[in-house]
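The block underneath contains the structure these notes are about, expressed in structure tokens.
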Amino acid sequence: MKIGELFSVSGYGVIVTGGASGLGLGYAEALAENGAGVTLLDMDAERIAAETKRLQSQGFKVRGEAVDVRDHAAIDRAFDAAAAAHGRLDVVFANAGIDSGPGFVASWVGTERPRNPEGALERYTDERWNRVIDVNLNGIFASLRAGARLMRPQRSGRLIVTTSVAAYQCEPAIGAAYMAAKAGAAHLMRSVAQELAAYQITVNAIAPGFFITNIGGGHAKQAHVQQAMAKMIPMHRVGFPEDIKGLALFLASPASAYLTGQQIAIDGGWALGAAD
């Protein structure tokens, strides 16, 4: 197989949950730009409509639907509709996620990192905990289940989970539910990978570091936050959705055919620790 064919996703049917913005939109663009038919699923109906129209105007095969991943029956229906529309289902990005609110430390970076009472464990409500787990873990489960249901009979497919470096390192500026959900999603990915390997369905995870998205109220878009974080990251810069497209294309394509059950960090070296 020629190297160009290794990374070809032309004609693929793809679903991206949380696809209306941020990393999900980056995944969708990466696949659509390379000839795949992509369905964007997101609970933000207005954003879905706008991004679908924008991508269609560029000549890409993209459709969208407003779906809340907490509604598992709706997920199943949306997956069936996407598979019917594209004529096949080859790739699922189980990406939808929400911010978990403040952690027990009040600042991401800096020499002064005061404790934040609002993020303390004893102030964590059941409602807050359950909402994060319901979206960031249970939503991943429902998306993987829906994808497996359609892929197992055809004995092929790619399931790709968005986790986080927070799956294996503590980030005290983020609420604890986020880390619990991402770590759970990572191990769920491994379990599903083991189950589906015999069917030639690969299951892997992308673990982003500090990327500029809307999550957390868009705090990452603030210039002073980016500058401070860049000092902590060995590559001396933060990540943008454009930076994740190559990895997304690799995991979706034939190039990753013998890779499964792996969580790949993409963080500019952040998890390695500050270098200078």
Side-chain angles (χ1 to χ4, degrees), residues 13-28 31 38-52 62-86 89 91-101 126-151 157-164 166-167 174-175 177-189 191-192 196 203-208 211 213-217 241 244 248 251-252:
V14 180
I15 295 172
V16 184
T17 69
S21 64
L23 300 182
L25 185 57
Y27 299 151
L31 275 289
V38 182
T39 290
L40 309 178
L41 301 180
D42 199 288
M43 64 185 302
D44 187 337
E46 288 188 14
R47 191 72 183 260
I48 277 283
E51 293 300 340
T52 299
V62 177
R63 58 186 295 277
E65 183 177 346
V67 175
D68 187 335
V69 295
R70 293 174 294 181
D71 185 341
H72 294 186
I75 283 286
D76 285 338
R77 291 192 297 270
F79 272 52
D80 287 340
H86 299 305
L89 179 62
V91 184
V92 171
F93 287 92
N95 167 75
I98 59 171
D99 174 60
S100 63
D126 288 347
E127 180 183 14
R128 179 181 172 193
W129 175 272
N130 290 336
R131 180 171 179 267
V132 175
I133 297 299
D134 211 12
V135 175
N136 292 6
L137 181 54
N138 296 345
I140 296 293
F141 158 72
S143 299
L144 293 179
R145 182 177 63 183
R149 174 173 55 82
L150 295 168
M151 290 176 175
R158 302 279 188 270
L159 298 172
I160 304 163
V161 177
T162 300
T163 57
S164 169
I174 304 176
Y178 190 85
M179 285 166 281
K182 293 299 185 179
H187 212 42
L188 173 62
M189 172 275 295
S191 176
V192 175
L196 298 180
V203 190
N204 293 290
I206 295 175
F211 274 73
T213 68
N214 292 326
I215 200 166
I244 216 162
L251 290 176

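Put simply, the side chain of Ile98 reaches to within 4.5 Å of the side chain of Arg131, judged on heavy atoms. The shortest side-chain heavy-atom distance between Leu25 and Pro241 does not fall under the 4.5 Å cut-off.
Atom CG in Asn130 sits 11.5 Å away from atom CZ in Arg70 (nearest 0.5 Å). A distance of 4.5 Å separates CD1 of Ile244 from CG of Leu23, quoted to the nearest 0.5 Å. Distance check, rounded to the nearest 0.5 Å: CZ of Arg63 to CG of Leu41 gives 8.0 Å. One distance of note links CD1 of Ile206 with CD1 of Ile160; it measures 6.0 Å at 0.5 Å rounding. In this structure, CG on Leu31 lies 11.5 Å from CZ on Arg158, to the nearest 0.5 angstrom.
Residues satisfying the side chain to side chain contact (heavy atoms under 4.5 Å, CB included) criterion with Asp44, sequence neighbours excluded, are Asp42, Glu46, Arg47.
Screening residues 75-86 for side chain to side chain donor-acceptor pair (under 3.5 Å) gives Thr39-His86, Asp80-Arg149 as the qualifying pairs, with residues at least two apart or on separate chains.
Shown here for Gly22 and Thr213, the closest heavy-atom pair between the two residues is CA-CG2, 4.0 Å. Annotation for Asp68 and Met43: closest pair OD2-CE, 3.8 Å, computed over non-hydrogen atoms. Of all non-hydrogen atoms in Val91 and Met151, the two that sit nearest each other are N-CE, 3.8 Å. Nearest heavy atoms, Gly97 versus Val135: CA-CG1, 3.9 Å. Nearest heavy-atom pair, Met179 versus Ala166, reported as atom, atom and distance to 0.1 Å: CG-O, 3.4 Å. Between Val67 and Ala78, the shortest heavy-atom distance links the atoms CG2-CB, 3.8 Å.
Put simply, the side chain of Ser100 gets close to the backbone of Gly175: a donor and an acceptor are under 3.5 Å apart. Judged by distance alone, with hydrogens and angles left aside, the side-chain atoms of Thr17 form a donor-acceptor pair with the main-chain N or O of Ala96 at under 3.5 Å. In this structure, Asn95 contributes its side chain and Gly18 its backbone to a donor-acceptor pair below 3.5 Å.
Among Ile15, Val14, Val161, Val38, the single residue meeting the side chain to side chain contact (heavy atoms under 4.5 Å, CB included) criterion with Phe93 is Val14.
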Stepwise side chain to side chain contact (heavy atoms under 4.5 Å, CB included) test for Leu40 and Glu51: CA-CA 9 Å; Leu40 309 178; Glu51 293 300 340; 4.3 Å; yes
Leu196 vs Leu159, side chain to side chain contact (heavy atoms under 4.5 Å, CB included): CA-CA, chis, key distance, verdict: CA-CA 10 Å; Leu196 298 180; Leu159 298 172; 3.8 Å; yes
N/O donor to acceptor pairs below 3.5 angstrom from side-chain atoms of residues 137-147, sequence neighbours left out:
| residue | atom | partner | partner atom | Å |
| --- | --- | --- | --- | --- |
| Asn138 | ND2 | Asp134 | OD1 | 3.1 |
| Ser143 | OG | Gly139 | O | 2.9 |

